[in-house]
Amino acid sequence: MEFNVSQLLKAPTGTTRDYTLDEDISSIDGELAIRAPLRGPAHMLRTAEGILVTGQLRTWAALECRRC
């Protein structure tokens, strides 16, 4: 997933953008069995040094224990 942040980088410090993600990430890693899309809110804040991104994202993946 990609976000065009060019306008946010031109904006004054303190400017924000909010996004709601609902992304299919099943092709990220062939070893992971991703069972659900990546979902949740993401918040972007223009700072003096760039962009700070925070969020609470969820997905579900089936993994095999490699220690057993």
Side-chain angles (χ1 to χ4, degrees):
M1 79 193 77
E2 295 179 5
F3 294 93
N4 183 346
V5 295
S6 61
Q7 293 301 313
L8 188 55
L9 286 170
K10 295 176 186 176
T13 300
T15 303
T16 63
R17 299 283 187 271
D18 291 305
Y19 296 94
T20 300
L21 300 179
D22 188 3
E23 298 286 328
D24 177 15
I25 59 168
S26 59
S27 63
I28 285 180
D29 187 336
E31 292 185 29
L32 292 177
I34 305 289
R35 307 277 190 208
L38 182 66
R39 291 185 175 141
H43 180 78
M44 296 184 183
L45 170 66
R46 174 68 167 108
T47 68
E49 298 167 351
I51 298 174
L52 174 66
V53 179
T54 57
Q56 293 185 348
L57 307 176
R58 292 182 177 189
T59 192
W60 191 89
L63 304 170
E64 182 177 319
C65 177
R66 295 183 183 244
R67 295 188 312 174
C68 299

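Treat the numbers as computed from the prediction; the structure is a model and nothing was measured.
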Tell me the ring pair (Phe, Tyr, Trp, His ring centres under 6.0 Å) pairs involving residues 36-68, sequence neighbours left out?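 Sorted result for residues 36-68: empty, none.
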
Sorted by first residue and then second, give each ring pair (Phe, Tyr, Trp, His ring centres under 6.0 Å) pair with at least one member in residues 4-42; sequence neighbours left out.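 For residues 4-42: F3-Y19.
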
Contacts of T20 that satisfy side chain to side chain donor-acceptor pair (under 3.5 Å) - sequence neighbours left out: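 Applying side chain to side chain donor-acceptor pair (under 3.5 Å) to T20 gives none.
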
Suppose we screen for side chain to side chain donor-acceptor pair (under 3.5 Å). Which residues come up paired with T16, at least two apart in sequence or across chains?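 Partners of T16 under the side chain to side chain donor-acceptor pair (under 3.5 Å) test: none.
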
To the nearest 0.5 Å, what is the distance between OG1 on T47 and CG on L52?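 Those atoms lie 6.5 Å apart.
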
CG of L8 to OG1 of T15: how many Å apart, nearest 0.5 Å?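 Interatomic distance, L8 CG to T15 OG1, rounded to 0.5 Å: 6.5 Å.
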
Of all heavy-atom pairs between P37 and T59, which one has the smallest distance, and what is that distance?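 Nearest heavy atoms, P37 then T59: O-OG1, 3.5 Å.
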
side-chain contact (heavy atoms from CB on, under 4.5 Å) involving [X] - partner list, sequence neighbours excluded:
X	value
N4	S6
P41	none
S27	none
A61	I34

Any link between I25 and L21 through a network of hydrophobic side chains (Ile, Leu, Val, Met, Phe, Trp, Tyr) touching at under 4.5 Å?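 Yes: a chain of side-chain contacts under 4.5 Å links I25 to L21.
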
Salt bridge (charged side-chain N to carboxylate O under 4.0 Å, His left out) pairs, two or more places apart, involving residues 7-21: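 Passing the test, one end in residues 7-21: no pairs.
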
Tell me the salt bridge (charged side-chain N to carboxylate O under 4.0 Å, His left out) pairs involving residues 36-58, sequence neighbours left out?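 Passing the test, one end in residues 36-58: D22-R39.
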
So, applying side-chain contact (heavy atoms from CB on, under 4.5 Å) with L38, which one of D24, I28, L57 is it?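 Only one option passes, and that is L57.
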
